[in-house]
Amino acid sequence: MKTLSQNQKRRAKLKKRRLCVTLTLLLIVAAISICLFTPFFNVKTVEVKGNSDISAEQIIKTAAIPDGINIFRVNTGKVKKALLNIPEIDSIRVRRLIPSKIRLEVTETKPVMSFSYLSGYVITNEAGRVMATVDTIDDTNLLNITGLEIKKAEICKKVSVQDTDKFDIILNTISALNRAGILQEIRSGHFDDMQNVHFYLHDGTKIIFGKITDLDYKLSVLTKVLVQVNRTEGAYIDLTTPERTYYGVIEPEPEEPEEGEEAEPGTEQAEGEQAESDDSEAQSDDSADSAEDAQDDGNEEKGEA
């Protein structure tokens, strides 16, 4: 009986391995050919999930998936790029469902903020992604932000700003307000002076944050105070020092009579009494702080919340 040498055994194993690899590759090629060229895998249905503001028809039209194309020939990257050009779409996932369905899973985004830009405004979502540029703001639910200089605004891209650090603070603050559940109640936010950041609610109440520090704690205090106070135009909540939160109402200044008109009876007397009261307060060392507050806020009622 003839025995094989070590070299012959090695060559036989190598030949057998090559044969297995070749057969595997042929099977793979055959499977790919069947998948790519048989009508069984042609797209018959395009399904849209997750949309509410955008119609499925618009999404399918923008995706532009050819009728009857083989499911494995669909360029998912191209489909995603096309759909992300819709401002209301934040993200998209394209899934192939064997044998003949394409599913487009959409995550939508909504306009949240507006900023002054050129001669109009730029509208962004919560993350600062540009959704539109307009001449005037018609949507009263948008939160108008002041104090940020916009350099460039391109649709579906994050807005380019002069002060990136301030922009990050604004975005973090908006996100925190959203988590606290009061973002929808705010009509404007003012970051012109970072030592005196303040907001106005839709009902006219002014929320004074001062510096954007201890934000989560200030917001937890704010949510408790809001349900306890009378919210109206001229009211304010001062959270500069959250441990000593203040609530007050700035009284509107009386209208001065037009030239030629006589003041209503008792008006001059009331004004004199107010002035006298102010003089007496100015002479009192104990009320020095109240005089300083009155100088800033005018005639106001102030109380600790």
Side-chain angles (χ1 to χ4, degrees), residues 48-55 58-59 61-64 75-95 104-195 197-200 207 209 211-213 215-216 218-219:
V48 179
K49 293 287 187 181
N51 62 309
S52 58
D53 295 332
I54 318 169
S55 68
Q58 180 185 352
I59 293 172
K61 182 179 179 180
T62 304
N75 188 331
T76 58
K78 185 177 180 180
V79 171
K80 289 179 181 178
K81 185 176 180 180
L83 290 174
L84 288 176
N85 284 325
I86 299 177
E88 293 81 9
I89 292 182
D90 189 54
S91 64
I92 180 72
R93 182 184 180 190
V94 182
R95 298 183 60 189
L104 305 175
E105 297 178 352
V106 174
T107 302
E108 293 182 340
T109 186
K110 296 181 181 294
V112 173
M113 301 176 286
S114 67
F115 303 85
S116 294
Y117 177 60
L118 300 178
S119 59
Y121 300 89
V122 57
I123 297 174
T124 76
N125 67 356
E126 184 181 329
R129 180 171 176 261
V130 178
M131 300 190 69
T133 54
V134 296
D135 295 327
T136 58
I137 297 293
D138 297 324
D139 188 350
T140 57
N141 292 320
L142 288 176
L143 168 58
N144 181 248
I145 301 291
T146 67
L148 186 71
E149 183 178 349
I150 306 296
K151 292 196 304 182
K152 190 176 182 181
E154 295 183 55
I155 301 297
C156 296
K157 293 185 179 180
K158 192 171 183 178
V159 66
S160 176
V161 301
Q162 191 70 32
D163 190 337
T164 56
D165 291 335
K166 178 184 283 192
F167 191 36
D168 288 340
I169 292 173
I170 291 174
L171 295 182
N172 289 335
T173 304
I174 298 303
S175 180
L177 290 168
N178 194 21
R179 291 195 305 271
I182 60 175
L183 181 60
Q184 299 300 321
E185 299 186 49
I186 301 176
R187 75 183 185 200
S188 64
H190 304 272
F191 294 81
D192 307 80
D193 179 3
M194 296 304 291
Q195 305 298 312
V197 175
H198 56 280
F199 293 83
Y200 284 95
I207 311 296
F209 280 91
K211 296 180 181 179
I212 298 297
T213 55
L215 186 57
D216 289 335
K218 288 181 179 180
L219 288 174

If every non-hydrogen atom of Tyr117 is compared with every non-hydrogen atom of Ile150, which pair is closest and at what distance? CD1-CG2, 3.4 Å
Hey, what do you get for CD1 (Ile212) to CE (Met194), rounding to the nearest 0.5 Å? 6.0 Å
Distance col, row Lys80:NZ vs Leu104:CG, nearest 0.5 angstrom, shows 11.0 Å
Heavy-atom nearest pair, Ile59 first then Leu83, reads O-CD2, 3.4 Å
Apply side chain to side chain donor-acceptor pair (under 3.5 Å) to Asn141 and list each qualifying residue two or more places apart in sequence or on a separate chain. none
Side chain to side chain donor-acceptor pair (under 3.5 Å) partners for Ser160, two or more places apart: none
Identify the two heavy atoms, one from Leu219 and one from Phe209, that lie closest to each other, and give their separation to 0.1 Å. CD2-CZ, 3.8 Å
4.5 Å side-chain heavy-atom contact, Ser188 and Thr146: no
Checking Lys157 now: which residues fulfil salt bridge (charged side-chain N to carboxylate O under 4.0 Å, His left out) with it, not counting sequence neighbours? Glu154
Could I get the full list of salt bridge (charged side-chain N to carboxylate O under 4.0 Å, His left out) partners for Asp165, not counting sequence neighbours? none
Is a side-chain donor or acceptor of Ser175 paired with a backbone partner of Leu171 at a separation under 3.5 angstrom? no
Answer whether the closest heavy-atom distance between the side chains of Gln58 and Ile86 falls below 4.5 Å. yes
To the nearest 0.5 Å, how far apart are CG in Asp192 and CG in Leu148? 10.0 Å
For Ser91, side chain to side chain donor-acceptor pair (under 3.5 Å) partners two or more places apart: Thr107
Taking every non-hydrogen atom, the tightest pair across Ala176 and Leu215: CB-CD2, 3.6 Å
Set of salt bridge (charged side-chain N to carboxylate O under 4.0 Å, His left out) partners for Asp216, sequence neighbours left out: Arg179
Apply salt bridge (charged side-chain N to carboxylate O under 4.0 Å, His left out) to Lys110 and list each qualifying residue two or more places apart in sequence or on a separate chain. Asp53
So, do Ile137 and Asn144 sit near enough that their side-chain heavy atoms are less than 4.5 Å apart? no
Residues at least two apart in sequence or cross-chain that pass side chain to side chain donor-acceptor pair (under 3.5 Å) with Ser52, listed by chain then number, are Glu108
Apply the test side-chain contact (heavy atoms from CB on, under 4.5 Å) to residues Thr62 and Asn85: give CA-CA distance (whole Å), side-chain angles for both, the deciding distance (0.1 Å), then the verdict. CA-CA 9 Å; Thr62 304; Asn85 284 325; over 6 Å; no
Should we count NZ of Lys158 as having more than 12 external heavy atoms under 6.0 Å? no
Can you tell me which residue pairs pass the salt bridge (Lys or Arg N to Asp or Glu O under 4.0 Å) test with a partner in residues 83-94, sequence neighbours excluded? Arg93-Glu105
Just distance, no hydrogens or angles: give the donor-acceptor pairs under 3.5 Å from side chains in residues 122-133, sequence neighbours left out.
from	atom 1	to	atom 2	distance (Å)
Asn125	OD1	Ala127	N	3.1
Asn125	OD1	Gly128	N	3.1
Asn125	OD1	Arg129	N	2.8
Asn125	ND2	Thr109	OG1	3.0
Glu126	OE1	Asn178	ND2	2.9
Arg129	NE	Cys156	O	3.4
Arg129	NH1	Pro87	O	2.9
Arg129	NH1	Ile89	O	3.1
Arg129	NH2	Leu84	O	3.2
Arg129	NH2	Ile89	O	3.1

Taking ring pair (Phe, Tyr, Trp, His ring centres under 6.0 Å) as the cut-off, I'd like each qualifying pair that reaches into residues 153-192, sequence neighbours left out, listed once. His190-His198, His190-Tyr200, Phe191-Phe199
For residues 180-187, which side-chain donor-acceptor pairs fall under 3.5 Å, sequence neighbours excluded?
from	atom 1	to	atom 2	distance (Å)
Glu185	OE1	Arg231	NH1	3.4
Glu185	OE1	Arg231	NH2	2.4

